[in-house]
Structures are given as C-alpha cells and as structure tokens.
Amino acid sequence: MPKKSGRDGGARRAKSRSGELRTVGHNVARAEGVEKVTGAARYIDDLVFDDMLYGATLRSTVPAGRIVAVEKDPQFDWTGFVFVDHRDITAPGRNAVAMITEDQPFLAVDRVRHQAEPIWLVAHADRARLAAGLARITVRYEKEKAQLDFETATEVLKEIAIKRGDLDAAFARADVVVEGTYRTGAQEQLYIETNGVIAQPGAGDHADGITVHGSMQCPYYVVRALRVLLGLPEAKVRVVQTTTGGGFGGKEEYPSVLAGHAALLARKAGKPVKMVYERHEDLIATTKRHPSIITHRTAMKKDGTILGIDIDLRLDGGAYVTLSPVVLSRAAIHATGPYRADAVRIRGRVMMTHTPPNGAFRGFGAPQSQFAAEVHMDRIAAELGIEPIALRRKNLFNTGDVTATGQKLHDSVAAHEVLDRALARHAIATKAAAKARGKTAAKGAVKGAVKGATKNGAAANGAPLRGTGLALFFHGSGFTGGGEVKLASKAGIALTKDGVQLLVGSTEIGQGTRTMHAQIVAESLGIPYDMIDTADPDTARVPDSGPTVASRTCMVVGRILQRAAEKLRAQLGDYDDGKSFKKRARKLLEARGTVEVIEEYERPGDIVWNDTTYEGDAYGAYAWGANIADIEIDPISYQARCTHFTAVIDIGKAIHPILAEGQIEGGTLQGIGWALYEDVVMRDGKMHNASLTNYIIPTTLDTPPITVEIVEHPYKNGPFGAKGVGECPIDGPAAAIVNAIRAATGKRLDAVPATPERIMKALV
Amino acid sequence: MATDLIPLGDPSLRQKVRLELVVNEERRDLVIDGYKSLLELLREELQLTGTKHGCELGECGACAVLLDGQLVLSCLVAAVECDGRSVQTVEGMQNGPTLHPLQSCFADAGAAQCGYCTPGFLLAAKELLERKPDATRAEIAEALSGQLCRCTGYLQIFEAVEAAAAQLRGGR
C-alpha cells in the first residue's frame with residue numbers, strides 16, 4: 001500500500017463504534033465514480049438535442065433605472081433569431097420567480113433594480129451569430145439613484161428577533177461589557193461547471209408541457225418555478241437533473257431563473273433551447289454569499305462567565321428577497337456561537353441594495369455570524385486577560401444547556417470533545433513539523449500563540465510573522481424550525497428483480513448522495529451495496545425529497561430511506577443474504593406486479609418549534625466543529641498564508657469516511673479561500689473582477705496540510721447516528737485564520753477577506 | 001503598427017480548413033471551421049465531451065489535454081495548430097476495459113467529487129508521472145497548480161496521484 005504522506009497517518013478518525021456494520025462506515029466504491037474518471041459522465045453542455053437553438057440573455061448595464069427603449073440594430077441580419085421579453089409571459093403564468101416571495105421577475109418589465117438583470121432573451125441556432133446579435137441590441141435607460149452600500153441602506157427585506165432572558169439585568173450585573181463589530185465579504189460559489197439547462201417543449205404525453213434538463217441541486221424547486229411562470233399543472237412539467245459539476249448552494253435557487261428563461265425561449269421557438277452561462281456571465285449574474293456586518297455587545301463576569309449576549313446582524317440581500325429570510329434565520333440562530341448565556345437578544349435584518357441578489361452558499365449565514373462570534377471571543381479573552389481556550393471552555397455548550405432559541409440540548413453535544421481532539425491533533429502536528437524542521441518542539445510558543453499573545457521578534461529581519469488561531473462552531477442539520485414538517489419530504493424504494501432501486505429526489509452534486517444513500521439502504525436491508533441502484537433524478541419518476549441543501553440529505557432524507565427499507569424488509573419476511581433476498585423479491589414481484597415503499601418525513605416527537613416567537617428546537621441535531629489555523633504573514637507583501645490547518649468535526653456517524661473527509665477538506669479550503677483570497681470587488685453595483693484571474697480561489701499551492709478528524713457522537717434520529725456534514729466545515733476557518741493573524745501581529749482585523757491590503761492597513 | 005485583427009464573426013474565419021491529426025491513437029481526417037479551438041474540435045467535431053470547459057480563457061484548467069505529450073489548455077490552442085500532431089484526452093487513458101491507475105486511484109480516493117475538473121487533473125497528473133515517476137507531494141502540487149478544483153480541497157487528489165505513482169512504479 002502506498003504510504004499516506006502529508007496528512008498524518010494512523011488514527012485519523014474516532015474508532016467506529018459499530019464494528020458489526022457491513023456497508024455503513026466502509027469506503028465502498030463511489031456509485032458514479034468510474035463514469036467521472038473516464039469522461040463518460042454527461043453534464044448539461046455535453047448534451048445536444050435535435051434542432052436545438054442556443055439562448056442568451058440581454059442584461060441591464062445600470063444598477064437602477066427605467067427602461068426607455070430596447071432597440072435592435074436595423075442594419076443587422078436578424079434571420080433565424082427568436083426574441084422573448086416580459087410580454088411573452090401570459091396568464092395564467094406569472095412573471096415571478098417562485099421563491100419565498102414573488103418579488104423577482106423573470107424578465108424586467110419597465111425598471112431594472114440591479115446590474116445584469118435579465119431584460120430580453122434571444123436564441124439562434126448558431127452561437128457565433130447569437131453573440132453577434134446580442135451585441136447589436138441596445139437598451140436606453142433613464143438612470144435612477146442606486147443604493148449600493150448595505151451598511152447605509154434603509155429598506156429592510158426581512159427582520160427577525162430572537163429574545164431570551166432578561167438582557168438589561170445581565171448588562172446591569174456585568175463586570176465588563178465587550179463590544180466589537182465584524183464584517184465579511186461576498187463569496188462566489190465557483191462551481192467549476194457554470195449554470196446551464198436545456199428546455200424542450202412538451203412533457204411526456206403533454207405537447208403543451210415543458211421539460212428541462214440541467215445542472216441543479218433542487219429539481220422540484222425548478223418544477224414549482226416553471227409551474228408559476230407558465231401556469232401549468234405539475235403533470236405538464238418535467239425536470240431532470242443532469243450530472244452536476246458542483247453546487248455549494250449556487251445551484252439551489254438560481255437554476256429556477258435559468259430554467260424559466262430557457263423554457264420561455266423553447267416555447268416561443270417550438271424547439272429545444274440550450275442556455276449555458278460563460279464564466280463571466282455566471283459571475284456577474286448569479287447569487288453570492290451575503291456580505292455581513294455584525295455587532296456584538298457581551299455582558300461578562302470578570303471570571304469569564306458570559307451573562308448576556310446582544311447581537312445586531314445585517315446582511316446585504318441585494319435587489320430581491322430570494323432565500324435571504326432563511327439565510328438570515330440560520331445566521332441569527334447560530335450567532336452566539338456554541339456558547340450558553342441566560343440572556344440573549346439577536347436582531348437580524350436583510351437590507352435591500354441595488355445589487356444582484358445574494359443567495360444560498362454552503363453554511364447559509366452561519367459562517368458569517370460565527371465568524372463574528374469567534375473573533376469576538378478572542379477580543380473578550382484579550383480584554384479580560386483570560387486565556388482564550390479557558391474562556392471558551394467555561395461557556396461552551398454541554399448536554400442540558402439551552403440555546404438562544406430556548407432549545408434544550410439533550411442529544412449529541414460534542415463541543416468540548418471536538419476542542420480537546422483539535423488541541424491534541426494540533427499538538428501532534430506541531431511537534432511533527434518542528435521535528436521535520438530539525439528543531440525541538442516549542443511547546444510554549446504554540447500555547448502562547450493560541451492565547452493570542454505571541455510577540456514575534458523575528459519580523460524585523462524579514463522573517464514571516466507566525467500565529468495560531470482557534471475557532472469553535474456548530475451547525476444545525478436540516479431545515480430550520482418547522483421547515484422539515486412543511487417540506488414533508490418523500491423518498492422510497494422499489495423492488496427490482498436484481499435488488500432494489502432508490503426513488504429519491506435528492507441530487508448528486510459531487511458530495512456523494514448516491515453512494516451514501518445506497519449504503520444506508522443496503523445496511524438497513526442487510527443486502528450487498530451492489531444490489532442497490534438509484535433512479536435518475538427525473539421528477540417524472542422520483543418523489544420530492546426536498547431540496548439538496550442544508551446538510552439534510554444524509555440526516556433527514558437518509559432517515560426516510562432507512563424507514564422505507566425497514567418497511568420493505570418487513571414485507572419481504574425472513575431472508576439471510578442477498579441471494580435469498582432476490583428470491584423473495586421475485587416472488588413478491590410476481591404476486592404484486594410492482595412493489596414500492598414510499599415514506600414521508602416524520603417529525604421526531606421531541607422536536608417543538610414556534611415560528612411566531614422564534615422559540616424552540618431550531619434543529620433536530622447539530623454538528624460540532626473545532627478549527628486551529630497556523631498562519632504566517634510575509635512582512636514585505638503582507639500576504640497571509642495558512643501553513644497548517646486542523647479540522648475536527650462531529651458528524652454523528654461517517655456513512656462513508658472518505659466522502660465525509662472530502663466534505664470536510666473541501667469545505668475547509670473553501671473557508672480558507674473566503675478568509676484570505678476571495679474578494680468580490682463591486683463597482684457601480686457590478687462584480688468588477690469577474691474572472692478567475694482576479695477572483696482568486698485556492699489552488700493546489702495555496703492548500704496547507706489539513707489534519708482532519710471525524711468525531712462520531714451519534715444522533716438518535718439520524719440514520720446510523722449520522723448528522724449533517726456538508727456545511728459545518730466552512731463555519732470555522734475564517735475566524736480561526738483572523739484570530740491567528742491577531743496572534744501573529746497583535747493587531748485586530750475583524751473582517752474577511754484578510755487581503756494583503758487589509759493586513760497592511762491594520763499593521764501600518 | 002498593430003496587426004489588423006479579424007473581427008469575431010468575420011466570414012473569413014468560417015473558411016473550412018482541412019486537418020489531419022491523431023486523437024487517442026486514432027487517425028482523424030477532418031474539415032472544420034478555421035476559427036475553432038482544439039477544445040471545440042474535440043467536443044463538437046469528435047464528440048469527445050470528456051474534455052470540459054470552465055472558462056474558455058485559460059484560467060481553470062478543466063480543458064487540459066496532452067498535445068504531443070505536453071500538457072496544454074485546449075481552449076487556448078487553435079485547432080489548425082494541431083495538424084499532423086497527436087492529442088490525448090481522458091477518453092484515451094483506459095487500456096481497453098482496464099482503467100489507468102490514475103483513473104482507478106482517483107475514483108477510490110475520493111479525488112473525483114463533482115467530476116467536472118477531473119479529466120484535466122488526470123491528464124496533468126499523467127504528464128507529471130511520465131516525466132517524474134517518483135514525484136514528491138510538492139512536485140505534484142506544483143504540476144497541478146493550473147487545475148482548479150472547488151470540491152475536494154485537493155488533498156484526496158494528491159493522495160490519488162501518489163497511490164497511482166506507486167502502482168505505476170510497481171509495474172502494475
């Protein structure tokens with residue numbers, strides 16, 4: 001076996017507590033692994049339909065204004081072009097992207113509210129002609145005043161409040177009040193496959209229906225959007241997810257917009273229409289992570305006990321509501337970080353600006369609010385003169401503690417354990433690194449760095465400034481509050497003559513959905529993994545399992561599949577292996593024709609939520625995380641670089657350890673990118689650095705060694721104890737890195753991305 | 001004096017060009033539009049869609065292929081430059097039904113998540129290991145630094161390349 005170098009070998013994860021499991025917890029072959037390494041996997045742009053046109057979007061070039069006229073160059077040869085504008089959307093259809101509200105039009109009517117807003121759609125059979133034609137259509141505007149800065153914006157798209165305990169009394173009792181304001185920037189999901197769809201007229205037997213194939217996370221969101229846009233019943237709308245080249249939230253709600261556009265063109269042309277964004281267009285037009293400004297006021301006892309937490313949180317929503325209300329709610333619920341306080345007040349607002357709408361991105365508000373919480377913890381430690389680890393330990397959630405929404409944590413609380421494991425793993429890595437450098441391990445230096453008290457005298461001679469920073473965090477799995485009840489997700493299993501087929505609307509977007517679900521069902525049925533097949537994510541075939549978002553696909557949908565498997569097992573009666581399973585399956589199929597078990601989400605009895613008062617069990621379970629970042633800063637260029645990173649995450653149970661580690665490593669590096677490199681520069685309301693040359697995501701050379709450890713604190717309502725894994729890893733890196741920068745320099749940054757310019761400003 | 005640029009969409013770019021090249025060890029004789037890139041030639045003329053486009057500006061590495069054994073970004077290579085030359089794409093990595101060690105190691109180690117960047121990574125890694133069968137972690141990182149991946153955090157890709165290198169050295 002090849003040696004695993006770079007990452008520490010040996011005990012990289014907690015020992016499995018379920019040695020008897022045959023499939024779950026094992027690194028089975030990835031369901032679609034071979035097709036992805038041979039080039040056989042078909043992504044949307046690899047598909048060509050007969051007589052297909054290409055579609056493009058005419059977009060606004062001002063952030064706010066009235067549309068005076070749209071004019072086609074009369075000199076240009078417009079033969080073969082198809083045009084669509086808002087007048088092509090006719091009753092009973094509505095010009096509204098069905099999301100939480102219906103404020104966003106598919107196509108602007110008489111006003112534009114942000115740059116790159118769609119105004120017209122154009123299609124042609126020849127892509128070069130299409131591009132030439134698009135350039136010969138001009139829009140004249142009467143410009144209007146644009147509000148581009150959310151910090152000075154006054155229009156509120158959504159406001160929520162969380163209140164617990166007597167905050168005034170807590171502040172009256174405080175020995176010290178610590179205040180700080182923190183900012184985070186926008187971030188682009190930067191899936192390597194851009195957004196794309198193909199729409200074709202007709203759906204099954206319905207000539208007046210519509211079928212859309214495309215790259216997406218949530219086929220049923222697209223179904224709903226198309227029904228509203230076209231005024232069609234569900235039976236006449238079919239959506240098929242094609243192999244999807246990454247999502248990270250960026251293909252949660254946006255594909256509804258694009259699918260609508262392609263559908264309008266396809267219906268007008270009476271032909272299939274492909275729309276695949278170029279990178280520049282994808283960057284300027286699609287959603288990003290919400291920028292934030294968050295102020296903390298904390299009432300502290302001198303001994304480090306938190307008495308009261310008062311948080312004001314604002315997000316930049318952009319021009320339309322999209323998913324901002326739920327991003328805000330997740331941000332607010334996670335805003336205290338994993339710490340208890342008897343009195344909490346959180347005021348959260350989404351501000352409207354004339355910028356492209358922000359939306360879903362891995363973590364969904366929690367990375368922003370926990371960045372603020374964890375950088376603030378280091379500030380409290382410094383102001384009280386308490387060691388940061390000790391301060392955290394004193395206030396960290398234990399089983400039985402109560403969260404900001406009044407949720408009593410009675411199950412699967414691993415906040416202390418992940419901290420302990422991270423410190424242990426970091427100490428080992430530091431020792432190994434010191435040994436590799438041929439020096440003795442500087443035990444005191446490491447401890448000091450975590451304390452935030454390092455003074456690095458080496459800076460004077462041009463040596464890099466070094467520091468270490470810590471961040472602790474948690475992440476609720478599944479939809480917030482009553483969200484899962486409202487979703488009422490369905491998933492099921494059909495018996496086949498060779499095994500079973502999973503009927504599930506969850507999508508494979510790289511994270512391993514197909515493999516992980518098949519493992520859960522194989523284990524639950526007690527049959528080999530290779531007897532599990534998964535139906536294509538085609539809404540004509542699979543039920544609505546809810547969106548593939550919110551770290552819910554394993555914990556929530558996996559649990560539904562597990563229940564379906566248990567029911568199917570009961571129907572089949574006794575069998576001991578795959579062979580006897582097949583025998584019984586064939587018998588049952590002969591008797592009944594088809595055998596399908598479809599199960600629906602069932603709310604665990606002990607979860608209670610009040611959506612009016614924002615009180616109760618916000619999430620069924622939380623994943624817990626601890627990060628330690630080692631960084632160095634070049635004293636001449638002020639470029640900060642991560643030299644080692646430790647990530648310990650409790651996910652309940654790793655169904656497939658390699659895939660779970662992949663989620664943690666990928667999420668961690670995406671967080672490091674947000675912390676150090678990824679800077680969305682806006683000019684006149686438009687992304688100015690809309691290319692990969694100057695919107696910088698981490699490359700192989702920016703990737704530090706990452707020590708990953710998975711902790712498995714099982715959750716009783718998750719399949720085999722599993723909780724969510726997708727998002728938690730991105731909640732911590734930014735705070736760990738900014739805390740490390742403070743340890744290295746003694747200066748506060750309080751904002752990401754920590755670009756060289758920002759670091760220089762803080763230091764000089 | 002600046003050279004006069006031919007505007008995109010100019011009919012002269014539509015002139016058909018005859019090309020002879022070898023793709024994945026197969027001789028191809030083609031007549032194509034003169035403006036096409038190697039990426040377009042592969043995807044549109046030969047239906048070899050394993051080679052991906054992520055930016056078409058030479059920034060992301062998704063379209064990397066081997067041209068006479070050298071790693072190139074096919075979106076930046078004019079198809080006409082490939083006359084008489086040899087191209088290898090991800091579709092040409094297998095030996096019959098047997099996966100190349102890089103392919104099987106990528107699949108097993110978690111190195112292909114969404115898979116979109118994978119073909120480019122595979123060819124960049126192949127080029128490296130042919131040049132340097134015992135490449136170190138640092139050399140692997142350097143050789144793959146032109147390929148962007150957003151899913152994996154790269155570590156499982158490094159592990160896959162190291163595992164494949166060991167298999168190849170072991171004569172498998």
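First the proteins, then the strands, lettered A, B, ... as listed; each starts at 1. Values below: all heavy atoms of this structure, side chains included; hydrogens, waters and symmetry mates excluded.
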What distance do [X] atom [atom1] and [Y] atom [atom2] have between them, rounded to the nearest 0.5 Å?
X        : Y        : atom1 : atom2 : value
B:Leu155 : A:Ile706 : CG    : CD1   : 4.5 Å
A:Ile192 : B:Cys117 : CD1   : SG    : 6.5 Å
A:Ile697 : B:Cys60  : CD1   : SG    : 9.0 Å
A:Leu190 : B:Leu148 : CG    : CG    : 7.5 Å

Heavy-atom pair count under 4.5 Å with chain B, highest-scoring of [options]:
options                      : value
A:Val28, A:Leu701, A:Ile672  : A:Leu701
A:Asp282, A:Asp45, A:Thr668  : A:Asp45
A:His280, A:Arg279, A:Gln511 : A:Arg279
A:Gly662, A:Gly512, A:Gly667 : A:Gly662

In terms of heavy-atom proximity below 4.5 Å to chain B, should [X] be classed as side chain, backbone, both, or neither?
X        : value
A:Gln189 : backbone
A:Ala29  : neither
A:Arg362 : neither
A:Pro704 : backbone
A:Glu278 : neither

Looking only at heavy atoms, which two atoms of [X] and [Y] are closest? And how far apart?
X        : Y        : value
A:Phe248 : B:Cys151 : CZ-SG, 3.7 Å
A:Leu692 : B:Glu59  : N-OE1, 3.0 Å
B:Cys114 : A:Gly246 : CB-N, 3.3 Å
B:Leu122 : A:Val37  : CD1-O, 3.3 Å
B:Ala141 : A:Thr700 : O-OG1, 2.6 Å

Who wins among [options] for the most heavy-atom pairs under 4.5 Å with chain A?
options                            : result
B:Met93, B:Gln94, B:Glu91, B:Arg43 : B:Arg43
B:His100, B:His53, B:Glu56         : B:His53
B:Ile157, B:Thr89, B:Thr152        : B:Thr152

TODO: Using a cut-off of 6.0 Å, state whether more than 12 heavy atoms not belonging to B:Asp29 lie near its atom CG.
DONE: yes
Task: Side-chain ion pair, A:Asp46 and B:Lys52, N-O less than 4.0 Å - done: yes
Open item on the list: I'd like to know whether B:Arg150 forms a salt bridge (Lys or Arg N to Asp or Glu O under 4.0 Å) with A:Glu188, so could you lay out the CA-CA distance, the side-chain angles of the two residues, the decisive distance to 0.1 Å, and finally the verdict.
Closed with: CA-CA 11 Å; B:Arg150 191 60 154 171; A:Glu188 162 61 31; over 6 Å; no
Task: Full working for salt bridge (Lys or Arg N to Asp or Glu O under 4.0 Å) between A:Arg30 and B:Asp108 - done: CA-CA 7 Å; A:Arg30 189 182 179 110; B:Asp108 292 343; over 6 Å; no
Open item on the list: Tell me if a side-chain donor or acceptor on A:Lys36 pairs with a main-chain N or O of B:Thr118 at a distance below 3.5 Å.
Closed with: no
TODO: Tell me, with the steps shown, if A:Thr244 and B:Tyr116 meet side-chain contact (heavy atoms from CB on, under 4.5 Å).
DONE: CA-CA 8 Å; A:Thr244 295; B:Tyr116 202 78; over 6 Å; no
